[in-house]
Amino acid sequence: MEKKKGSLLSYRSDIKVVDATIRDGGLVNDFRFPDGFVQSLYEANVKAGVDYMEFGYKASKDIFDEKDFGPWKFCDEDSIRNIVGDNDTDMKIAVMADVGRCDYKKDIISRSDSAIDLVRVATYINTIPAAIHMVEHCKNMGYETTINIMAISNAKESELDEALELIGQSPVDGIYLVDSYGSLYMEQIDELADKYLAMADKYDKFVGIHAHNNQQLAFANTITALVRGVSYLDATANGMGRGAGNCASEQLLGFLKNPKYNLIPILKFLENHIEPLKASGVEWGYNVPYLLTGQMNQHPRSAIAASKEGRTDFLNFLLELNDRD
C-alpha cells in the first residue's frame, strides 16, 4: 500500500513554510535589494503566517568582498535587527551557512545574543563530515539546525545512504531534500522522500524540501514531498531564486489548507515590490536554457550565462550541453 501522510484536502500541524526569497533570490541580484523590500517582505510573511524567513547567507568576509554584495550575503546581526528588532512575532529567523564559505566559529554567535533561530548548513555529499562539525557548533550555540545536501540528483545511492546515516547520528534537527538542478521528477521525489523520511523516523528528525523550477515542477515536487510526509517547505515570492527560481510562495500558500496561512499579504507584496523589481531589470524564472540544463541534470551556470546573453539559439545550446557529457 502506498505510504502517504496526508491528502490534497487535508492539512498537517507539522507543516512549516520557510520563505527563502532573500537568500535564494539574492543570488539573482548579488543580495542588493531596494530599500524597504526586505522590511516589507518580513511584514508580509508575518501577516501571511509564514513559519521561518531566511534572510541570506553567513558568508565569510575573508572570502567574499563586501563591496561586491549587498548585506544579505553576510547577515550581520545589526543588519537583521534593523529589520526585525527583537522579532516579537511567531515567525522565526533563519540563515544559511555554506560549508567552506563561512567562518562559523567567528560569525555565528550564541543564539541568546542573536535574532537568528535556525542555521541551515548547505553541503555537498563529499563534505558531510564538515557539515556535521558546523551543526555541532551551532547546536552548542543554541540554534535549531538543518543540513541541506545539494545536487543529490548527481549523488550515488550508496553515498546518499551513508550520508543520511551519518546525519541521522548527528545532533541536527532536520535534513533537506534539495533539487539543486531542477532535474527531479515527482516519482523520484517519492522515492527520495521515503528514503529521507525513513532516516528521520529512525533518528527523530524532520525532513524539508527545496525545489528549483527548471522543468516547471518546483510546486508539484514540493506538494508531492508534502504528501509523502515532508514537513518543512521552502518557497520564495513569485519563485524568485537562482536561475529558474523556486516553488512560488503564492502557489504554496494558496494550496495549503491550514487556515493559519493567508495569501493576501503575499499578493500585496508581489504587487508593490516584486513587479517593480522585475521592471527594474532583475530577471529569474523558467526559460528554455534552464529547462535544458534541468533535463540534462546539469548545474544551471551555463543557462544563467545564456540567459544573460539573451541567447535564443536553443538547439546550439543543447548541443553544447551534450558536449559536456
Side-chain angles (χ1 to χ4, degrees), residues 18-35 37-39 41-42 52-84 87 92-111 113-151 172 174 176 178 180-181 208 210 212 234 236-237 240-243 245-246 282 284 299-301 304:
V18 181
D19 175 274
T21 306
I22 302 302
R23 201 274 305 165
D24 212 322
L27 296 168
V28 176
N29 65 350
D30 295 325
F31 305 91
R32 301 182 189 278
F33 289 95
D35 292 343
F37 185 100
V38 179
Q39 181 73 52
L41 179 59
Y42 169 72
Y52 291 82
M53 177 173 169
E54 187 177 50
F55 272 72
Y57 286 96
K58 272 286 187 184
S60 171
K61 294 176 184 176
D62 292 331
I63 299 174
F64 300 96
D65 192 329
E66 287 183 85
K67 297 193 299 293
D68 295 336
F69 301 96
W72 308 110
K73 179 76 170 179
F74 308 100
C75 286
D76 291 338
E77 198 66 36
D78 288 346
S79 298
I80 294 176
R81 287 195 181 276
N82 282 341
I83 303 296
V84 309
N87 188 35
K92 295 183 177 181
I93 306 302
V95 294
M96 181 166 280
D98 273 354
V99 170
R101 298 182 180 185
C102 172
D103 189 352
Y104 61 94
K105 291 182 179 177
K106 181 178 76 174
D107 293 336
I108 296 179
I109 62 174
S110 173
R111 183 180 181 183
D113 298 322
S114 176
I116 297 164
D117 301 288
L118 166 66
V119 177
R120 310 208 295 175
V121 175
T123 180
Y124 290 104
I125 204 153
N126 63 319
T127 54
I128 293 294
I132 290 172
H133 277 294
M134 290 176 66
V135 161
E136 289 170 346
H137 172 79
C138 294
K139 289 296 291 183
N140 287 336
M141 293 289 102
Y143 292 95
E144 301 172 35
T145 56
T146 69
I147 288 179
N148 298 29
I149 309 177
M150 299 180 287
V172 77
Y176 259 82
V178 183
S180 300
Y181 301 165
H210 180 86
H212 277 266
D234 279 19
T236 63
M240 185 183 186
R242 185 204 63 192
N246 306 99
V282 179
W284 67 89
H299 192 287
R301 63 175 65 88
I304 291 171

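Here the structure is a predicted model, which means the values were calculated and not measured. In this chain, numbering begins with 1 at the start of the sequence shown.
Residue K92 holds its NZ atom at 4.0 Å from OH of Y52, rounded to the nearest 0.5 Å. Atom CD of E54 is separated from atom CG of D19 by 8.5 Å, given to the nearest 0.5 angstrom. Atoms CE and NE2, from M96 and H210 in turn, are 6.5 Å apart once rounded to the nearest 0.5 Å. The structure places OH of Y124 at 6.0 Å from OG of S180, a figure rounded to the nearest 0.5 Å. Rounded to the nearest 0.5 Å, atoms CD1 (I116) and CG (N87) are 11.0 Å apart. Expressed to the nearest 0.5 Å, how far CG of L118 lies from CD1 of I93 amounts to 10.0 Å.
In summary, R111 and E144 engage in a salt bridge, as defined by a charged side-chain N under 4.0 Å from a carboxylate O.
Summarising the geometry of I132 relative to I147, their closest heavy-atom pair is CG1-CD1, 4.1 Å, with the distance given to 0.1 Å. For the pair S114 and R81, the tightest heavy-atom approach, listed with the atom from each and the gap, is C-NH2, 3.3 Å. Residues V119 and C138 approach most closely at CG1-SG, 3.8 Å, considering heavy atoms. Residues A97 and I108 approach most closely at CB-CD1, 4.5 Å, considering heavy atoms. Closest of all the heavy-atom pairs between C102 and M134 is CB-CE, 4.4 Å. Minimum interatomic distance between I109 and D113 (heavy atoms only, all atoms of both residues): CD1-O, 3.7 Å.
The shortest side-chain heavy-atom distance between D68 and D30 does not fall under the 4.5 Å cut-off. Taking the side chain as every heavy atom from C-beta outward, P300 and Y181 approach each other to under 4.5 Å. Here the side chains of F64 and F74 are in contact, with some heavy-atom distance below 4.5 Å. Proximity of V95 to I80: side-chain heavy atoms (C-beta onward) are separated by under 4.5 Å at one or more points. When side chains are defined from C-beta on, V121 does not count as touching Y104, because their heavy atoms never get closer than 4.5 Å.
Considering V84, N82, I22 as possible partners of V38, the one that fulfils the side chain to side chain contact (heavy atoms under 4.5 Å, CB included) test is I22. None of V282, N246, D24 except one satisfies the side chain to side chain contact (heavy atoms under 4.5 Å, CB included) rule with M240; the exception is V282.
More than 12 heavy atoms of other residues, nucleotides or ligands lie within 6.0 Å of NE2 in H137, so this atom counts as buried by the packing criterion. Atom CG of D35 has 12 or fewer neighbouring heavy atoms from other residues, nucleotides or ligands inside a 6.0 Å radius.
D65 places a side-chain N or O within donor-acceptor distance of the main-chain N or O of K67, the cut-off being under 3.5 Å. Remark: the backbone N or O of K139 is not paired with any side-chain donor or acceptor of T145 at under 3.5 angstrom. Here the side chain of S60 pairs a donor or acceptor atom with the backbone of D62 at under 3.5 angstrom. Put simply, the side chain of N29 gets close to the backbone of R32: a donor and an acceptor are under 3.5 Å apart. For the pair K73 (side chain) and E66 (backbone), a donor-acceptor distance under 3.5 Å is absent.
Note: W72 and F55 have tilted aromatic rings, judged against thresholds of 30 and 60 degrees for the angle between ring planes.
In this structure, R120 satisfies the cation-pi test against Y176, with its NZ or CZ atom closer than 6.0 Å to the six-membered ring centre and inside 45 degrees of the ring normal.
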